[in-house]
Amino acid sequence: MTSILIIYTGGTIGMVESEDQKTLVPFNLEHILSHVPELKKLDVILEAHSFDKPIDSSDIQPHHWTELGTIISSRYGDFDGFVILHGSDTLAYTASALSYMLNGLSKPVILTGSQLPIGMIRTDARENLITAVQIASQQINDEPVVQEVAVYFEDHLYRGNRVKKLSTEAFEAFFSPNYPVLAQAGVNINFDYPELLPKTELPFRLIDGFDNRVVTLTLFPGISEALVKTILSNTQVRGLILLTFGAGNGPSALWFIDMLTKAIDRGLVVINITQCAMGQVEQGKYETSTGLLQAGVISGGDMTMEAAITKLMFLLGQSEDSTWVKEQMVTNIRGELSTN
Ligand code: ASP
């Protein structure tokens, strides 16, 4: 029998109505498990661990990623896989952050949650939880099928650092804009084996440390020089995610390119991520991105904003050397970036 550790962080899946019945508030793990007696019927040894105080995922902070990473690394040898119950709002950030932290991962770490609390009649929580546990326990020749951080929601398994929250309403809350679905659950769970990360030769090691001195700047027609100056002249900021138009384009105004050039020369790491839901940045394709390229802006390729910002925080947390950080940003380290 395989053994799985369920880690409960909070989120809608375990929420109940507050006393005044006006808001949803996090509740405890026993409440969740009591609604899924079927878990006992699975051929899996289950253990559960809860955050001391379950939270809405909008309250997630990098120290919670550290807590998750530490739980997984301290129990790594005891379990064949891990299922993390997490709110959907910031799940894409946590999945990305964990993918970078869990170096040499050769076991499944599956994040899931739900759009309706587990106590509600039409809830999507039960199916998400049961299937996430089943996926985490799948093995072939005593090897886990999934050996990476992944997200399971409404019939689909996705690479964790490729997802974005898609809908506040639909049970299909996530999508993976630039990478195929890893598995589809219907009558059977069908894996797309070639798309899964291959087995790593590296020993498992937790790498921790995030630098939150980063900021995102969303471009829009009419963005003011004064606003851009406030952000780019702030010497506390080490990294900037520039959310650009189309294939990575921005205003060609001299003041804009000049300010970027000076900030980058000072050591700021600037990453170009498109505002488009799908596709990738191609700096130099249009004249309106040539200035960005010449200023030293680094292309984020087809990374999601969530994958890019957590990667930037992670790399800045590992090194003071901005040249190394830039090199790593354009390197595919955990399947977050397509390189051809
Ligand atoms: N606000 C909730 C959270 O992210 C939403 C959810 O779980 O779906 O914790």
Side-chain angles (χ1 to χ4, degrees), residues 6-36 48-69 71 82-99 109-133 135-136 149-177 185 210 212 216 277 304-307 309-310 313:
I6 298 176
I7 308 170
Y8 174 51
T9 68
T12 296
I13 190 164
M15 287 190 186
V16 291
E17 281 177 347
S18 59
E19 273 168 25
D20 60 7
Q21 300 193 326
K22 287 197 178 126
T23 52
L24 286 171
V25 290
F27 200 51
N28 63 31
L29 180 66
E30 288 67 40
H31 165 75
I32 299 181
L33 299 179
S34 70
H35 279 88
V36 207
H49 177 100
S50 174
F51 272 14
D52 285 344
K53 187 179 173 303
I55 52 172
D56 186 298
S57 77
S58 295
D59 283 323
I60 283 278
Q61 294 289 324
H63 70 82
H64 294 113
W65 301 335
T66 301
E67 187 171 346
L68 283 171
I71 296 166
F82 301 84
V83 170
I84 300 176
L85 305 181
H86 195 289
S88 63
D89 289 350
T90 64
L91 187 145
Y93 294 89
T94 298
S96 299
L98 284 174
S99 75
V109 174
I110 315 290
L111 289 99
T112 192
S114 66
Q115 292 283 55
L116 281 177
I118 202 147
M120 289 195 175
I121 294 176
R122 290 181 54 252
T123 187
D124 51 332
R126 294 172 68 258
E127 195 279 323
N128 283 349
L129 172 53
I130 293 166
T131 310
V133 170
I135 289 174
V149 177
V151 171
Y152 181 76
F153 238 88
E154 188 66 6
D155 300 341
H156 296 102
L157 184 74
Y158 310 95
R159 173 155 304 149
N161 54 31
R162 290 288 194 159
V163 293
K164 288 185 82 66
K165 186 165 179 180
L166 171 70
S167 174
T168 58
E169 173 73 24
F171 286 152
E172 196 165 347
F174 289 90
F175 80 130
S176 173
F210 289 86
N212 66 357
T216 59
T304 61
M305 193 269 285
E306 295 85 342
I309 196 155
T310 48
M313 290 168 77

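Just so you know, residue 1 is the first one in the sequence shown, and it goes up from there. Small disclaimer: the values here were computed from a predicted structure and weren't measured. In listed order, ligands and their atoms are each counted from 1.
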| task | Given side chain to side chain contact (heavy atoms under 4.5 Å, CB included), test I71 with E67 step by step and report yes or no. | result | CA-CA 6 Å; I71 296 166; E67 187 171 346; 4.2 Å; yes

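Considering I135, I84, N128 as possible partners of I110, the one that fulfils the side-chain contact (heavy atoms from CB on, under 4.5 Å) test is I135.
Closest to atom 8 (O) of ligand 1 among all protein heavy atoms lies S88 OG, 2.4 Å. Of the protein's non-hydrogen atoms, the one nearest atom 9 (O) of ligand 1 is S57 N, 2.7 Å.
Between Y158 and H156, the two ring planes are tilted [angle within 30° to 60°].
Of the polar atoms of H86, none of the N or O atoms is found under 3.5 Å from an N or O of ligand 1, judged by distance alone. Of the polar atoms of T90, none of the N or O atoms is found under 3.5 Å from an N or O of ligand 1, judged by distance alone.
Neither side chain, Y8 nor E30, offers a donor N or O lying under 3.5 Å from an acceptor on the other.
Per-residue contacts place G11 under 4.0 angstrom from the following atoms of ligand 1 (heavy atoms of the residue considered): 7 (O), 9 (O). Atoms of ligand 1 lying under 4.0 Å from at least one heavy atom of S114, given by number and element, are 8 (O). Close approach to T12 involves these atoms of ligand 1, each under 4.0 Å from a residue heavy atom: 2 (C), 5 (C), 6 (C), 7 (O), 8 (O).
Counted within 6.0 Å of CG on D20, heavy atoms from surrounding residues, nucleotides or ligands total more than 12; the atom is thus considered enclosed.
The shortest side-chain heavy-atom distance between F175 and K164 falls under the 4.5 Å cut-off.
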